[in-house]
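One structure is given here, and the rest of the page talks about it.
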Amino acid sequence: MTDHEHGEHATSEHAHPGAKAYVGIAVILTVITAFEVAIFYIPQMHPVLVPSLLTLSALKFTLVVMFYMHLKFDHRLFSWLFVMPMILAAAVILALMKLFGVF
Amino acid sequence: MAVAAHAVPHAAHPPTSTGLNSRKMLFWAFLGSECMFFGSLIATYLVYRGRDQVGPHPHEIFSIPFTSFSAFVLLMSSLTMVLALAAIQRGDQKKGSLWLAATALLGMTFVGGQCYEFTEFFYKGLHLQTNLFGSTFFVLTGFHGTHVTVGVIWLWTLFTLAVRGKIPKEKALDVEIAGLYWHFVDIVWIAIFTLVYLIQ
Amino acid sequence: MTTTTAPVAAPAATHEAGSPSGLWSWLTTVDHKRIGVLYGVTAFIFFLIGGIEATLMRIQLAKPENTFVSPDVFNQLFTMHGTTMIFLAIMPLSASFFNFLVPLMIGARDVAFPRLNAFSYWVYLFGALFINASFFLGGAPNTGWFGYSNLTSSQFSPGHGVDFWAVGLQILGIASLAAGFNFIITIVNMRAPGMKLMRMPVFVWMTLVTSFLIILAFPVITVALVFLLFDRLTGTNFFQPAMGADPVLWQHLFWLFGHPEVYILILPAMGIVSEVLPTFSRKPLFGYPVVVYSGIFIGFMGWGVWSHHMFAVGLGPIADSFFALSTMLIAIPTGVKIFNWIATMWGGRVELKTAMLFAVGFISMFIMGGLSGFMHASPPADLQQTDTYFVVAHIHYVLFGGSMMGIFAGLYYWFPKMTGRMLDERLGKAHFWLTLIGMNVTFFPMHFVGLLGMPRRVYTYAPNMGFDAMNMMSTIGVFGIILALLFFIANVLKSRASGKPAGNDPWGGSTLEWAISSPPPPHNFGTIPTVHSLDPLWAKDGAEITRTAGQVRGPIHMPPGSIWPLVAALGMTMLMSGMVFGWYVGIPGLVIMLTGLYSWSFEPCD
Amino acid sequence: MTPSRRRSKPLRLAAGLLVLGALALAGCALKDYPQSTLTPHSDLAWAIQHLLEQLTFWVVLIFVLVEGMLIVTVMRFRSRPGSPEPKHVHGNTALEVAWTIAPALILTFVAVPTVLTIFKTQAKAPAGSLEVKVVGHQWWWEFQYPGQKIVTGSELHVPVGRTVALSLETADVIHSFWLPIVGGKRDVVPSRTNHIWFTADSVGVFPGTCAEFCGISHANMHMKLFVDTQKDFDAWVAAQQQPPIEPDSTSLAGKGKAMFLEVGCAACHTISGLSPGIIGPNLTHVGSRTSIAGSTYPNHPEYVSQWLANPQARKPGALMTNLGLKPDQIAALTAYVESLK
């Protein structure tokens, strides 16, 4: 965490994407969800089920956070406040799974 | 203070060191904290998965088409939420209140679906006490459902205010923060849907 | 308590709130300084209660096969001693310093969310009363402050003790979380102009790191306690081995919280010492950025070491090695801090006032605690030491020799600022030396009695084990600590009665709080200073800052008091205690809480 | 207080503490401190001891250096009348680097043997080890020798010089198995099996205890390790494998046997060929043990009678039922129990 805030223009008044962009994102989210469910039902996809589902849901996650929650356009400090704990939470999940021999 | 003064979005608030609104910052920190909360719940679910001594097991119980629809409903509520915010930020409280209502209704649909799902599972023999799957599943999704319910109450409160014209442009932050909460609840469901339902 | 508002020399008409007195003004206060005092006084009372619990245990252990207290009472005592000292004494004592000092040190008029701050205190008070009420309502918790599953299950711990513990910790967790959020935002957002992050006093930095640890660690224990409560109240199987569950999960979740918690307890004291040493060495802190980064690194690494509390569990050689190495790594930033503190004094003009004695005592005792910690960072060695009195010695060198010495250093240093009156140096020095001798007589023999095979958490021991003499010595030492505390209390009373007026800056400190009167006026700074350096009052414009800080130009708006945080806190405590007492407490609690929150949200403020 | 007196106090204190420590360590004879961790009697305990010695060396060295530095600094730079105003030094990069690297180096010296010892002591037990299954109970230890078909409680017999592989389990809550002279502790955890193996290197009787808090009588959950010569061990095994002694039915012990079945002891205790209970310790050869009640009291008729009369008085929270026995019943049962050599 540095102190770039000082003397810089605060960025909370950035132009947000308009309704059109929001709907576009929603369409993408819907398509990804459909894709996920499809993967679940197609036996041929099962060898890559876990990695592909994880990738797709991470993509959805990112889209919502970046555009609907405006992190892409907002001040970097907010990203820090959210992303660091998220990484920590993910690390905790992975560490516990490892310690309990899930993988 | 001249440095930060021009960056202050709301005249009512004293200027801050970063020029960022304190309430919004508090809320992002809160969401960071919530990450650890849901992270611990999800970790427990994943650690205990497959250790059940007795059924029912996830694959005997989950209805993927139904939950996919619920997940879709919640995703769409994120869209209506962001549209509500955009309207309020433009100063259009009428449209804003409509989108807020739509979001709340979608949220209620999701919670209703969850109630239906829980009842269904209950009759199929999966109780809170049946096995580890029952305990971890109901507590994890139950806490998520509680979050959605709190969000729905919050949204209706904002709706009432917006209808009465009490959320002008200058107070858009109130809606923005509710939106952050709502989207967070949505992304938690994105994670739960994948990790709990699809990857069995 | 009421006396802290005595000599406010602020010009009239400067602020709307004024400085009212009386009970109502304390119940409704949102002033960070008053909340700090409330925190401090309450936490000190609980520190004494925890001390009484410890004394009773030490009397029981003074000789082998003693029957001073029953085994069950002994188990309640050590459980409540740990819980009290950690959650009701040291954390809130640190919170007291955060509250009183952080806004002053960063040049702010208050914290970012004054009413949330009041809420945090009241939740802490009610949670503390709730958890201690268990003593009178069928028995206090008796499964240790760590509450290892599956001993805490309803099968092995029937009765309400564990419920009180779990619900009490949930309530206290909410208080800590509220405070954690508040101080993060306050520090990031409320700094005076020119106070960049790397110009913040180290104490403020450590508050920031601690607050982050709080908001990230408490959710984990919250989840673990939710599981425990579900298991006990609804019959779920989170920790039921018969259903395939693994009780070790509790340990992982608990220590995932518990190790950051250790740093939550020690980092504030490190921050205090980093303020005291430069002032009494007449020299700036040596290697400020390194000390700050070390603190951040310690906080960060605190997340990667939790399983070193679990080496005996049998996690396998790979996990043991990983957690051993990560734990040893923490020794580096800790060592670096100690070297920098010593280097701060090197070449300085060291004035051994009481505050400084405690700060030096902190370093000296913390080295001991750190080194014994280093010994059980090595898993094979730890297997002989864990769960013995060796570890009891270690934690007390860290938490008593470390945290408490640091807190006393801070008390002697800032007491004049808080009350406007000086403490007596002679009584203070007696307090210090008795504390130092008392704690070493008490805790040093524990290293040996542990290495010689005495396990911890035992209410009795056999006479032929060679434990007798050292246990007697430890018990005698406790009375030295008690005597020391009597000197401290006498000192405070004397200062209230006839202490010398402190003036703005009795020690010649470098940080902003010394620029204003003691005790500070409700609005803190008449004119918010502009900061140009790390040690503003020692810099060229220091005199200028001091001159203008008291001058009021134009009206100052301070937030009005509010009773609603108290109401909301009371309702929330009742709601949650309904899990133990039943719906007829829970439902009214819900109503009271919603009333409080609703009135709070729609109350005009800011 | 004069300055000189004040200054010498920390020194005197430090010296006092050092002397005290030296005395304590010098007096660590096993007869005075039977449960000491500092008197290893097995390969495992020695491995730990060697590591501990290295750790102690570094720790004492660092302690003396840093505390010395601290005291010297405070004394040398004490404020005196006329001391000059100090120069405002803000830091020194070379120094910072030096005192970051120095501890890192020391860490390496400790970390390498630590990891080696971890892997050495946690490797699989060598084939042909004597296998014993340890089960923790609230509040006593059970020892099962599957190869020898022996089940006993509170007293573990092993032959000297032969590797013993323990597998550790629990019947109820978490306990921690700890025999300091053979090595570090290992928790017994529900739904897990832990392992520890060691080769005892000298004959003797050594106490051990539960080290993890496990409820009200945690302090009374002891055990004894008997390291026997191979010959003694074989004799012990042979004796334990015998069926229980059959008392003359007219003797007091014979009455006790009838009483054993009559008052309900049989529901919880196994006596080979007589009763199948598995909740309490196996009593087939209880008379041959040296202690009772989780190795809390000597196995002596007086203690046995007191125990039977009111178990909770001797051991708080003991799960053995207080059967409200009359004095003549207690006498008979005591005689029977004592006869089960």
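Chain letters run A, B, ... following the sequence lines, proteins first and then strands; every chain starts at 1.
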Non-hydrogen side-chain atoms of D:Val115 and C:Leu325 separated by less than 4.5 Å: yes

Pairs under 3.5 angstrom only: tabulate donor-acceptor contacts from the side chains of residues 44-58 of chain D to other protein residues two or more places apart or in another chain.
residue: D:Trp46; atom: NE1; partner: D:Asp201; partner atom: OD2; Å: 3.3
residue: D:Thr56; atom: OG1; partner: D:Leu52; partner atom: O; Å: 2.5

Just verifying a value: how many Å separate C:Leu151 CG and D:Gln138 CD, rounded to the nearest 0.5 Å? 6.5 Å

For C:Asn464, which atoms come within 4.5 Å of any heavy atom of chain D: side chain, backbone, both, or neither? backbone

Hey, does D:Leu38 have a side-chain heavy atom less than 4.5 Å from the side chain of C:Gln384? no

Using non-hydrogen atoms only, which part of C:Phe374 is less than 4.5 Å away from chain D: side chain, backbone, both, or neither? both

For C:Gly453, does its backbone N or O pair with a side-chain atom of D:Thr37 as donor and acceptor, under 3.5 Å? no

Name the region of C:Trp341, side chain, backbone, both or neither, that has any atom closer than 4.5 Å to a heavy atom of chain D. neither

Interatomic spacing from CG in D:Leu95 to CZ in C:Phe339 - rounded to 0.5 Å: 10.5 Å

Within-4.5 Å side-chain heavy-atom neighbours: D:Phe63 and C:Met368: yes

D:Asn194 (side chain) donor-acceptor with C:Val313 (main chain) under 3.5 angstrom: yes

Would you check if the side chain of C:Lys283 reaches a backbone N or O of D:His88 as a donor-acceptor pair within less than 3.5 Å? no

Going by heavy atoms in the side chains, are C:Ile318 and D:Phe119 under 4.5 Å from each other? yes

Pick one: which of C:Pro380, C:Ser378, C:Pro379, C:Pro317 meets side-chain contact (heavy atoms from CB on, under 4.5 Å) with D:Thr117? C:Pro380

Is there a side-chain contact (heavy atoms from CB on, under 4.5 Å) between D:Tyr33 and C:Met454? Walk through the geometry before answering. CA-CA 10 Å; D:Tyr33 305 102; C:Met454 179 159 165; over 6 Å; no

Backbone of C:Ala312 reached by a side-chain donor or acceptor of D:Lys185 within 3.5 Å: no

Pair D:His218-C:Asn75, side-chain contact (heavy atoms from CB on, under 4.5 Å): steps then yes or no: CA-CA 10 Å; D:His218 163 60; C:Asn75 295 343; over 6 Å; no

Contacting region of C:Asn142 [heavy-atom separation from chain D under 4.5 Å]: backbone

Proximity breakdown for C:Ser281 and chain D, heavy-atom pairs closer than 4.5 Å: backbone

Select, from C:Gly314, C:Pro241, C:Pro455, the one with the greatest count of heavy-atom pairs under 4.5 Å involving chain D. C:Gly314

Select, from D:Thr296, D:Val110, D:Val60, the one with the greatest count of heavy-atom pairs under 4.5 Å involving chain C. D:Val110

To the nearest 0.5 angstrom, please state how far the CG atom of C:Leu452 sits from the OG1 atom of D:Thr39. 8.5 Å

Parallel under 30°, tilted from 30 to 60°, perpendicular over 60°: which one fits the rings of D:Phe213 and C:Phe78? perpendicular

